Amino acid sequence: PKPNGDPSAMQMKSYACQRRTPLKHHNSFLTEALEILSQNAEYNDNEGRSVAFRRAASVLKALPHRVKTIEDLRCLPCLGDHSQRVIKEILEDGSSREVESTRQSEQFQTMKALTGIFGVGVRTADRWFREGLRSPDDLIRTGQQLNRAQQAGLQYYDDLQKPVTKAEADVISDIVEKAVHAVLPGAEIQLMGGFRRGKEVGHDVDFLITHPEEGKEEGLMPKITNWLEEQGLLLYQKTTRNSYLEKMDGPARPPNNMDRFERCFSIFKLQKSAVRCKSNSTASVEDVSRGGENERPSEHHSEESGWRAVRVDLVVSPYSQFAFATLGWTGSKLFERELRRWAGQEKHMSLSSHALYDSKQNLYLRAKTEEEIFAYLGLEFIPPSERNA
Ligand code: CTP
Ligand code: MN
Ligand code: MN
Ligand code: MN
């Protein structure tokens, strides 16, 4: 039964992977508020609550119009009492007291600042908060013990806070392509994450790398990072080996959304001149790769130098898993989460960035394209630009 018996009323599907969610939508004034509450729940280690607010926000992102009255929410899925209360208050008063007091709270602001440091997760940030630390400077001042990632995170804090532009991502793409082809001709490189979904800025740049001949991709990552390091293009890198085994990661294993590809979390040294060149014509990587002069080991201030630090994620996938890896690394995070939930709850299948397992038939379903995976899952294909759930 349609709302009000009106057959023209749009029916909002309840899983984000059943809906088209464009990047630009009509309800940011509501979704930003709900996402503050989601983030705050995450900071308080309440995952269920965090996902509930995020799902509510996501439904509003998929609406083809701006919400004007509470009646507009009738028949929408995923809006719990709490979310509805917050929305109602914003519609009536222009803002929600709970959201505003959360936003202003010392805990929220501290957690945001500390988890904003590369290498710092919620647990570490929470411990520091409870010890009285409030800012990145406090960590340096009090001489906190930091791992290598966190040291790099502090050293390049200012740069890594600045959004990465599409123009910068394109220059990084050229560099990564050059590096990969230098060490493995015939390899294929694909831009992933937010930029594949059409975002104009991101917090990092994500790449997926494969080779059409299965097996050629093995051990590729150290070769790529060595090449980049020799060119002086890497400020930081940590590579993790591929640990995927179908037998172990299959049905016997409890679901885990962390994938097991060979991957590298890195920080690139990007010459600003290369980005300027690129927007004129095409930059040669020679322009890009001269890094050179020794930097202070302390904090880097990019206004004073010709380069900036950029977070880059590299992932290597065997060709046979490439479609799954592509789907899994395009995001958004909520879209991915909803795809896995749909697969498990509605289809008795288990989806990861490596494979799709059908528990009823007891077999792995092979796929060469994202379209095939949506089809196996009984879902309409949603293009990357509409996965901004
Ligand atoms: N991802 C993952 N495992 C991780 C981190 C990320 O599988 N440990 C996947 C996410 O599910 C997402 C994609 O990689 O699909 C990109 O993640 P991320 O770079 O964090 O987010 P973006 O959507 O690219 O957003 P941003 O522009 O902020 O980078
Ligand atoms: Mn629209
Ligand atoms: Mn990203
Ligand atoms: Mn990433």
Side-chain angles (χ1 to χ4, degrees), residues 16-17 21-24 32 35 38-39 42 47 50-51 54 57-58 61 112 115-123 149 152-153 159-170 172-173 176 189-209 221 236-244 249 255-268 309-317 321-343 350-355 370 373 382-389:
C17 55
T21 313
L23 191 58
K24 291 187 179 125
E32 278 164 16
E35 281 172 344
S38 167
Q39 189 150 60
E42 202 178 308
E47 201 190 358
S50 172
V51 175
R54 207 163 287 279
S58 183
K61 292 180 189 178
K112 196 174 157 75
T115 57
I117 304 168
F118 171 63
V120 178
V122 167
R123 272 172 190 221
D159 274 2
L160 299 184
Q161 288 299 302
K162 275 183 283 183
V164 183
T165 64
K166 182 61 166 66
E168 289 171 327
D170 288 340
I172 304 263
S173 295
V176 169
I189 300 112
Q190 193 170 275
L191 186 59
M192 306 301 303
F195 287 113
R196 183 161 188 253
R197 301 196 308 275
K199 284 179 69 176
E200 282 146 31
V201 295
H203 96 284
D204 69 358
V205 195
D206 308 285
F207 295 96
L208 182 59
I209 301 156
M221 196 69 86
Y236 168 90
Q237 68 93 6
K238 184 178 166 64
T239 296
T240 335
R241 289 176 39 216
N242 181 341
S243 59
Y244 180 76
D249 286 83
N256 178 352
N257 57 24
M258 195 66 189
D259 68 60
R260 291 159 181 281
F261 292 118
E262 184 177 32
R263 61 189 288 167
C264 175
F265 297 107
S266 74
I267 302 177
F268 272 48
V310 179
R311 273 271 300 115
V312 175
D313 285 337
L314 304 173
V315 182
V316 171
S317 150
Q321 298 171 22
F322 189 64
F324 297 99
T326 300
L327 181 57
W329 275 82
T330 298
S332 67
K333 288 204 179 87
L334 182 68
F335 191 90
E336 302 295 340
R337 189 181 181 114
E338 293 278 278
L339 271 176
R340 291 192 298 267
R341 190 167 70 95
W342 168 270
S350 161
L351 175 69
S352 74
S353 294
H354 299 278
E370 288 186 315
I373 304 171
I382 310 286
S385 63
E386 298 190 282
R387 295 181 203 162
N388 290 291

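All values derive from a computational prediction rather than experimental measurement. Nothing fancy with the numbering, it's 1 onward along the sequence. Hydrogens, waters and symmetry mates are skipped; everything else that's a heavy atom, side chains included, is used. Order of listing sets the numbers, starting from 1, for every ligand and every atom in it.
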What are the atoms of ligand 1, with element, lying closer than 4.0 Å to any heavy atom of [X]?
{"X": "G202", "answer": "27 (O)"}
{"X": "E336", "answer": "11 (O), 15 (O)"}
{"X": "R197", "answer": "23 (O)"}
{"X": "K333", "answer": "18 (P), 20 (O), 21 (O)"}
{"X": "D204", "answer": "19 (O), 29 (O)"}

Heavy-atom pair of closest approach, residues A16 and S58 =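 Heavy atoms of A16 and S58 come nearest at CB-OG, 4.2 Å.
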Could you check whether any side-chain heavy atom of [X] comes within less than 4.5 Å of a side-chain heavy atom of [Y], counting everything from C-beta outward?
{"X": "E262", "Y": "T240", "value": "no"}
{"X": "D313", "Y": "F265", "value": "yes"}
{"X": "E386", "Y": "R197", "value": "no"}

Exercise. Measure centre to centre between the rings of H354 and Y244, then say whether the value is under 6.0 Å.
Key: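 Centroid distance H354-Y244: below 6.0 Å, so yes.
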Does [X] come within less than 4.0 Å of [Y], counting only side-chain N to carboxylate O?
{"X": "K112", "Y": "E42", "answer": "no"}
{"X": "R337", "Y": "E47", "answer": "yes"}
{"X": "E338", "Y": "R341", "answer": "yes"}

Practice task
Give the name of the N/O/S atom in D204 that lies closest to the Mn ion (ligand 3).
Solution key: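 Of all N, O or S atoms belonging to D204, OD1 is the one nearest the Mn ion (ligand 3).
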- Return the name of the atom in D206, of element N, O or S, nearest to the Mn ion (ligand 3).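 The closest N, O or S atom of D206 to the Mn ion (ligand 3) is OD2.
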- Would you call the rings of Y236 and F118 parallel, tilted or perpendicular, where under 30° means parallel and over 60° means perpendicular?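 Perpendicular, since the angle between the ring planes exceeds 60°.
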task: Without swapping roles, check the side chain of D159 against the backbone of A309 for a donor-acceptor pair under 3.5 Å.
output: yes
**Study point:** Backbone or side-chain N or O of G194 under 3.5 Å from ligand 1 N or O
**Key:**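 Yes, since at least one N or O of G194 sits under 3.5 Å from an N or O of ligand 1.
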Does any N/O atom on S353 come nearer than 3.5 Å to any N/O atom on ligand 1?
no
Using a 4.0 Å heavy-atom cut-off, say whether [X] meets ligand 1 through its side chain, its backbone, both or neither.
{"X": "E200", "value": "neither"}
{"X": "D206", "value": "side chain"}
{"X": "K199", "value": "side chain"}
{"X": "H203", "value": "both"}

For atom 9 (C) of ligand 1, which candidate among G328, S332, G331 holds the nearest heavy atom?
->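 Nearest option to atom 9 (C) of ligand 1, by heavy atoms: G328.
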Q) Quick check: does D313 put an N/O/S atom under 2.8 Å from the Mn ion (ligand 3)? A) no
Would R263 count as a contact of ligand 1 if the rule is a heavy atom under 4.0 Å away?
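Yes, R263 has heavy atoms under 4.0 Å from ligand 1.
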